Amino acid sequence: MQLSGFVDSNYGACPDTRRSVTGFCVFLGNNLVSWKAKKQQTVSRSSCEAEYRAMTTTVCELVWLRSLLSSFKFDVPTASLYCDNQSAIHFANNQVFHERTKHVEVDCHFIRDKVRDGFIKLFHVRSTNQLADIFTKALHSPAFKSLVLKMGLLNIHSSPS
């Protein structure tokens, strides 16, 4: 049983508050088990920070799901997290704090602990394969339909063809 998540953010998406939107979806094997799209609570100063905050939210979800699964006696030793922002991935993997990253709140560094502990494995995913885009961006119909198909979603209200 593989736990994997796709995470994305839309930097400064809200025209009124300039807050970014976090979007993620989590799969257990090939089954979509959790998803979310929500405006972030604070204004991010860069797309890297917005993506990092989104990654932290998703890691919290993965940790909770791991705990839930362990209560059912399912062992999930690691989880994969797919992100399309290489800067955020490098930031999460780098144990050295820099002057440029001091503004990121301490609670966001939770993800670094999970990477260091070996629970989270971070992977870059091309934007064209980023399933979480469906939660953060307005997509053209072909891209939307492609992501819906990749996520294995079905319209239960459509008439049979």
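Every value quoted in this text rests on a predicted model; they were computed, and no experiment measured them.
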* Near Asn30 CG, under 6.0 Å, is it more than 12 heavy atoms from other residues, nucleotides or ligands? -> no
* Validation row: Ser20, Lys39 side chains within 4.5 angstrom (heavy atoms) -> no
* Structure fact -> Separation between SG (Cys83) and CG (Leu122), nearest 0.5 Å, reads 8.0 Å
* **Lys36 atom NZ, over 12 foreign heavy atoms within 6.0 Å** => no
* Asked: Just by distance, do the side chain of Ser70 and the backbone of Lys73 share a donor-acceptor pair under 3.5 Å?
  -> no
* To do: State the CZ-CD1 distance between Phe110 and Ile120, to the nearest 0.5 angstrom.
  => 8.0 Å
* Hey, does Met151 have a side-chain heavy atom less than 4.5 Å from the side chain of Cys25? -> yes
* Got a sec: does the CZ of Phe144 have more than 12 other heavy atoms crowding it under 6.0 Å? -> no
* Please answer: with hydrophobic residues joined when any side-chain heavy atoms are less than 4.5 Å apart, are Val7 and Leu62 in the same cluster? => yes
* To do: May I ask you to decide if Val125's main-chain N or O and Asn129's side chain share a donor-acceptor pair within less than 3.5 Å?
  => no
* To do: Say whether, by atom type as modelled, one donor and one acceptor occur between the side chain of Asp84 and the main chain of Gln130 under 3.5 angstrom.
  => no
* Can you tell if the side chain of Lys38 reaches within under 4.5 Å of the side chain of Val21, non-hydrogen atoms only? -> no
* Asked: Taking the side chain as C-beta and beyond, is there a heavy-atom pair between Leu65 and Ser34 under 4.5 Å?
  -> yes
* Passing option when Phe91 is tested against Gln86, Glu49, Arg112, Met55 for side-chain contact (heavy atoms from CB on, under 4.5 Å) -> Arg112
* To do: Answer yes or no for Arg126 and Tyr82: cation-pi contact, defined as NZ/CZ to six-membered ring centre under 6.0 Å and angle to ring axis within 45°.
  => no
* For Lys121, all residues meeting side chain to side chain donor-acceptor pair (under 3.5 Å), sequence neighbours excluded -> none
* **Min side-chain heavy-atom separation Val26-Leu32 under 4.5 Å** => no
* To do: Compare all side-chain heavy atoms of Val43 with those of Thr17 and state whether any distance is below 4.5 angstrom.
  => no
* Main-chain N/O of Ala13 paired with Asn10 side-chain donor or acceptor, under 3.5 Å -> no
* Asked: Within the side chain of Ser67, is there an N or O that forms a donor-acceptor pair under 3.5 Å with the backbone of Val63?
  -> no
* Asked: Checking Arg19 side chain against Thr42 main chain: does a donor-acceptor pair fall under 3.5 Å?
  -> no
* Test item: Asp117 side-chain N/O and Phe119 main-chain N/O as donor-acceptor pair under 3.5 Å -> no
* Asked: If you round to the nearest 0.5 Å, how far is OG1 of Thr58 from CZ of Arg53?
  -> 13.5 Å
* To do: Give a yes-or-no answer on whether the side chains of Glu61 and Thr57 include a donor-acceptor pair shorter than 3.5 Å.
  => no
* Would one find more than 12 heavy atoms of other residues, nucleotides or ligands at under 6.0 Å from atom NZ of Lys145? -> no
* Asked: Can you get from Ile134 to Phe24 by hopping between Ile, Leu, Val, Met, Phe, Trp and Tyr side chains that sit under 4.5 Å apart?
  -> no
* Do Leu28 and Phe74 share a hydrophobic cluster, counting only Ile, Leu, Val, Met, Phe, Trp and Tyr and linking them when any side-chain heavy atoms are less than 4.5 Å apart? -> yes
* Could you state the interatomic distance from CD (Glu51) to OG (Ser87), rounded to the nearest 0.5 Å? -> 9.5 Å
* To do: Taking the side chain as every heavy atom from C-beta outward, state whether Phe135 and Asp8 have any atom pair closer than 4.5 Å.
  => no
* To do: Using a 4.5 Å cut-off on heavy atoms from C-beta on, say whether the side chain of Gln2 contacts that of Ser80.
  => yes
